[in-house]
Amino acid sequence: VAAPPSPTLADWVARIDPSPTSELEARVAEMIEASVPVWRLGLGEPDFATPDHVKDAAIAAIRSDFTRYTHTGGIPSLRQAIVDRLKADLGVVYAVDEVIVSVGGKHALYNAIRTLCRPGDEVLIPSPYWVTYPQQVKLSGAIPVIVPCSSAPEYKLEAETLEAHLSPHSRLVVLNDPNNPTGAVYRPEELAELAHICLDNDLYVVSDEVYSAFTYVPWGHTSIASLPAMRDRTVLVHAVSKSYGMTGWRIGYAAAPKTVVEAMLTLQSHVTSNPNSIAQRAAEAALVAPQDGVEQARQEYDARRRALISALHTVHGLRCSLPDGAFYVWVDASAWCGRVLGGRLVGNADDLAAILLDQAQVAVVPGTGFGADSHLRLSFAAPLAEILEGVERMRALLGSA
Ligand SMILES: Cc1ncc(COP(=O)(O)O)c(C=O)c1O
């Protein structure tokens, strides 16, 4: 019997890169399945549970049959809760119809990028970047322009570098503050310089602030939307995922001028309709309750990041500094590239991550998908004992500094 013809797929399929870590993730899953212990230092989600009052709200929603379609952009009470939280936490004032609830922060980002980008528009993405941005830009028919940020100052986008990458096609800047993977947190004056360039050059900003609750520096988090005249050219993206240990509930949101939100609503109405009704009630409970749990998590992460950095400084050939925000450490492993480790050549961070997994059972994320192939991303959203044991195992393989 002849093999069935393979279908011809749409052009975009070939333009989108699959997750560079999927092979590694599959290997971790296999090891866990086979009961091989793995020290997981790559996780991109909080290790603490969704709070009880949030779970209770979801259970109550099910019990009261709150299980039907809702308004596409989210129930009014959740949108109001978002408006209130943005005002209280970030000092930015929006109306309820300037907010849209989506299926996670990732979906809100996609809606925003898809809504703002026209074919051939250039989207400036500071590097290192979260893996998804360039792919979403390409999916929107626009062109990602990667803007390299050097390690000094702390991998932050500087005004001159942004300016040097502008062209007549520049449309949008994707800013991620606090940053995944570097942990960089912009100071208000640094944002003001970037804002100045955006205003001068008629650029929009998609500001991904999903880690805003987790900063460890005196200047804390500032939203670029809170700077003069920036609210009208910013789509602020946030989510309940990281702040409240709710990654699986899939609730994110965007706040932007009404015309942008209306367009995002139209897009969403034909793609997903409303996000899950039960998860919306849960998200509302998370946003309106006292925020002590978030502060407790922040303090816990603060202690862990110090412990992780101290431990990593004892490992040979790894360079890193204390991150200012989020829950990641960005490790320069270039000293290992081109060397032989455990009988295998380390060509890049992918090889190093594979060797660490095979020979030390430590799972870390190679920087390749973030635009840096000699870096590793480690997470401190894992229990401290696991973090320290994992680094100890890395030290046993890589040697002491
Ligand atoms: C920088 C950044 N933005 C957005 C997201 C997406 O969050 P969500 O799980 O709400 O889609 C993530 C998740 O890892 C992230 O790291």
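Bear in mind the structure is a predicted one, so any value in this text is a computation, not a measurement. Start at 1 and go down the list; that is how both ligands and their atoms are numbered.
For ligand 1, the polar-atom distance check against G105 finds a nitrogen or oxygen pair separated by under 3.5 Å. Taking any N or O of H107, backbone or side chain, none lies under 3.5 Å from an N or O belonging to ligand 1. Here's the thing with Y211: one of its N/O atoms is less than 3.5 angstrom from an N/O atom of ligand 1. For ligand 1, the polar-atom distance check finds no N/O of T247 at less than 3.5 Å from any of the ligand's N/O atoms. Among the atoms of K106, some N or O lies under 3.5 angstrom from an N or O of ligand 1.
Using a 4.0 Å cut-off to heavy atoms of A239, the atoms of ligand 1 that qualify are 10 (O). Near G104, with a cut-off below 4.0 Å to any heavy atom, the atoms of ligand 1 are 10 (O), 11 (O). Atom numbering of ligand 1 starts at 1 in the shown order; those under 4.0 Å from a heavy atom of N176 are 1 (C).
Looking from atom 12 (C) of ligand 1 to the surrounding protein, the closest heavy atom is W130 CZ2, 3.4 Å. Of the protein's non-hydrogen atoms, the one nearest atom 10 (O) of ligand 1 is S241 OG, 2.5 Å. Protein heavy atom closest to atom 2 (C) of ligand 1, with residue, atom name and distance, is D208 OD2, 3.4 Å. Ranking protein heavy atoms by distance to atom 14 (O) of ligand 1, first place goes to K242 NZ, 2.7 Å. For atom 9 (O) of ligand 1, the closest heavy atom belonging to the protein is R250 NH1, 2.9 Å.
We find that D202 and R171 are not joined by a salt bridge, their nearest charged nitrogen and carboxylate oxygen being 4.0 Å or further apart. Ionic pairing of D177 and K156 is not present here: no N-O contact between side-chain nitrogen and carboxylate oxygen is shorter than 4.0 angstrom. Under 4.0 Å is where a charged nitrogen must lie from a carboxylate oxygen, and between R231 and E98 at least one such pair does. Taking 4.0 Å as the cut-off between side-chain N and carboxylate O, D121 and R118 count as a salt-bridged pair. Of the charged side-chain nitrogens involved, none lies within less than 4.0 Å of a carboxylate oxygen, so that K258 and D232 do not count as a salt-bridged pair.
Note: Y155 and W330 have perpendicular aromatic rings, judged against thresholds of 30 and 60 degrees for the angle between ring planes. In this structure, F327 and F380 have perpendicular ring planes: the angle between them is above 60°, well past the 30° mark.
Taking 4.5 Å as the limit, every side-chain heavy atom of E300 sits out of range of all side-chain heavy atoms of P383.
Across V261, V235, T72, I82, a single residue satisfies side-chain contact (heavy atoms from CB on, under 4.5 Å) together with I100, and that is V261.
At least one heavy atom of Y133 sits closer than 4.0 Å to an atom of ligand 1.
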